[in-house]
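To start, the structure under review is shown below, and the notes come after it.
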Amino acid sequence: MTKTILFLPSNGNHVKIFHPIIDAIKKNYDFLFLTQGTYKDEGAENELNRLKIPYKTVDAYPKLDPNMIFEQENIGLLIVGNDFDILPQWFINIAKKKRIPSILIQDGLLLDVIPLNNDVFHQIQFLKTIKSKKLSKLSLKLKLSKQIRKISYGQAGCTQIHVWSDSDKKYLIKKKIPENSIYVIGNVKSFNPKTISHQTQNENSFILYASTDLIQTKILEKKRVIKTVDEICKTITLIPKMKLMIKPHPIEKKQFYDDFEKNYTPVVKVTYEDVSTLISKSIFLITNLSAVTFEALFQKKQVIIYLPELEKIVKCDSFPFDLIKQGIILYAKTPKELLEKIQLLRDNSFNFTSSQIDVINNYLGQMDNPVSKITQSINEIMMLKDTRQQREGADL
């Protein structure tokens, strides 16, 4: 009986990454998308519905038990977008015990951040504000039973880890991850500056603010994040005929931005439209420390990083400082600098140079046909598994 490939996305971005892989393998393999349902909602189901990809949720089963799901769905391969998250790590660990191979596909930036909001008090407050109590309870249960543990990206022990570039491979090797499990395949998304043009400014033009969640990740305390967002909104109001669209991160509380929209109407508006679509419509992007930066670079859009304490959070020789030094993205750490950078981009036409495009492509692991490389790995794994099962059947 043909084995099924299980895709376990943690968010909508993972669905976007997996989508072209599905198109490449669906003629040869059965596949199942499994979402985290009521345990965690970060846009996976919305994206699956948008792409009209069938899926199940973990709530569809009488009991959340990876062993039972693997058996019931006849799973032969597990594919995830991160491995440190609670459910993916649990499924990976059970898969290893059942000798089911797994593939981790890089979903974003690999970098180390230094939380500035990580004392005992704030850790307790963080646990109290986890959006899903079900996930919090499950996490505690799995940690106590030693079925999951605190790890960083790549440390769950997947059979293969597919990364964008050689620099990402070096990053994982420094984390003591076996080199023979790391495959440099490039980025499933592509950067093609010839196919996407700048948004021409008109009465509907807007600047997009899209961030990563700095509160639940314990990087900054809430009042500092509020101050930063307020500075961005206030700065935009100083520019005639300019509007700001705020796209919340999927794990941010929806009401977090309500006061900004209320206080700065009609200049500021909160939207939940697809971020790729928003970037394509925007003049440029303002963000803090988010991989949405590369969504913008994919679309040949300029980016301003606005995070006043950035130097304390990341090392000066890593993202985004390396791209700032090369003029690929701009950095502002005060409202005055932010206003200057916005006016600079508003009043001037910018295009990436060929050397900057090369840097972007190298940084993102731009390689020929990464989907084909992933498909080849899937084929090899599935054929090897079939051969092993046939051999075991013959031995019986």
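No hydrogens, no waters, no symmetry mates; every other heavy atom, side chains included, goes into these values.
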Testing the basics here: between [X] and [Y], what is the closest heavy-atom pair and its distance to 0.1 Å?
X: I75; Y: I100; result: O-CD1, 3.7 Å
X: L87; Y: V58; result: CD2-CG1, 4.1 Å
X: I92; Y: S102; result: CG2-OG, 4.2 Å
X: L278; Y: E273; result: CD1-O, 3.3 Å
X: D83; Y: Q155; result: OD2-N, 3.1 Å
X: I17; Y: P20; result: O-CD, 3.3 Å

What I'd like to find out is whether the side chain of [X] reaches to under 4.5 Å of the side chain of [Y], using heavy atoms alone.
X: N288; Y: T228; result: no
X: F319; Y: L110; result: no
X: F260; Y: D230; result: yes
X: K143; Y: R149; result: no
X: D358; Y: T353; result: no
X: I103; Y: Y183; result: no
X: Y209; Y: V229; result: yes
X: Y29; Y: M382; result: yes

Residue pairs meeting salt bridge (charged side-chain N to carboxylate O under 4.0 Å, His left out), one or both in residues 70-81, sequence neighbours left out, come to K56-E73, E71-K98

Taking salt bridge (charged side-chain N to carboxylate O under 4.0 Å, His left out) as the cut-off, I'd like each qualifying pair that reaches into residues 5-14, sequence neighbours left out, listed once.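 Those involving residues 5-14 do not exist here.
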
Do [Y] and [X] meet the salt-bridge criterion of a basic N to acidic O distance under 4.0 Å?
X: D59; Y: K134; answer: yes
X: D274; Y: K16; answer: yes
X: K336; Y: E340; answer: yes

Quick one: do N67 and I69 satisfy side-chain contact (heavy atoms from CB on, under 4.5 Å)? Show the steps, please. CA-CA 6 Å; N67 270 297; I69 293 173; over 6 Å; no

Exam field: side chain [X] to backbone [Y], donor-acceptor pair closer than 3.5 Å:
X: E295; Y: S276; answer: no
X: S290; Y: T287; answer: no
X: N348; Y: F350; answer: no
X: K301; Y: I279; answer: yes
X: S145; Y: L142; answer: yes

Start with the C-alpha gap between Y171 and Y153, add the side-chain angles, then the distance that decides, and say whether ring pair (Phe, Tyr, Trp, His ring centres under 6.0 Å) holds. CA-CA 10 Å; Y171 174 89; Y153 185 93; 8.0 Å; no

Among side-chain atoms of [X] and [Y], is any donor-acceptor pair under 3.5 angstrom?
X: S165; Y: D168; value: yes
X: Q376; Y: E380; value: yes
X: Y306; Y: E337; value: no
X: S377; Y: Q160; value: yes

Please report the interatomic distance [atom1]([X]) to [atom2]([Y]), rounded to the nearest 0.5 Å.
X: Q302; Y: L345; atom1: CD; atom2: CG; value: 6.0 Å
X: I177; Y: S152; atom1: CD1; atom2: OG; value: 6.0 Å
X: E42; Y: E252; atom1: CD; atom2: CD; value: 11.0 Å
X: S211; Y: I232; atom1: OG; atom2: CD1; value: 8.0 Å
X: H19; Y: F33; atom1: NE2; atom2: CZ; value: 8.0 Å
X: L323; Y: F294; atom1: CG; atom2: CZ; value: 5.5 Å

With sequence neighbours excluded, what pairs up with [X] under the side chain to side chain donor-acceptor pair (under 3.5 Å) test?
X: R50; result: E47
X: E179; result: none
X: N46; result: none

For salt bridge (charged side-chain N to carboxylate O under 4.0 Å, His left out), just list the numbers for K253 and D213, CA-CA rounded to whole Å, side-chain angles, deciding distance to a tenth of an Å, and then say yes or no. CA-CA 10 Å; K253 293 183 177 180; D213 189 306; over 6 Å; no

Assess whether side-chain contact (heavy atoms from CB on, under 4.5 Å) is satisfied between E261 and K269, documenting all intermediate values. CA-CA 5 Å; E261 187 174 40; K269 182 179 179 181; 3.6 Å; yes

F91 and V80: CA distance, side-chain angles, deciding distance, side-chain contact (heavy atoms from CB on, under 4.5 Å) verdict: CA-CA 10 Å; F91 273 70; V80 300; over 6 Å; no

Should the pair K243 and F206 be classed as cation-pi, given the thresholds of under 6.0 Å to the six-membered ring centre and 45° from the axis? no

side-chain contact (heavy atoms from CB on, under 4.5 Å) with V15: which of L51, I22, N49? L51

Out of L208, I342, V303, which one pairs with I286 under the side-chain contact (heavy atoms from CB on, under 4.5 Å) rule? I342

If you draw a 6.0 Å radius around NZ in K373, do more than 12 non-hydrogen atoms from other residues or ligands fall strictly inside?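 Buried by this count: over 12 neighbours within 6.0 Å.
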
Take atom NZ of K96 as the centre, draw a 6.0 Å sphere, and report whether it contains more than 12 heavy atoms from other residues, nucleotides or ligands. yes

Using the rule salt bridge (charged side-chain N to carboxylate O under 4.0 Å, His left out), only one of E311, E309, E231 pairs with K333; which is it?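 Exactly one option meets the salt bridge (charged side-chain N to carboxylate O under 4.0 Å, His left out) with K333, and it is E311.
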
Stepwise side-chain contact (heavy atoms from CB on, under 4.5 Å) check, L330 with I305: CA-CA 6 Å; L330 303 178; I305 301 288; over 6 Å; no

Parallel, tilted or perpendicular, as decided by the 30° and 60° cut-offs, for the rings of Y331 and F321: perpendicular

Please check if I151 and L140 belong to a single hydrophobic cluster, counting links between Ile, Leu, Val, Met, Phe, Trp and Tyr side chain heavy atoms closer than 4.5 Å.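 Hydrophobic grouping puts I151 apart from L140.
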
For residues 4-14, which residue pairs qualify under side-chain hydrogen bond (donor to acceptor under 3.5 Å, both in side chains), counting only residues two or more places apart or in two chains? S10-Q36, S10-D85, N13-K189, H14-D107

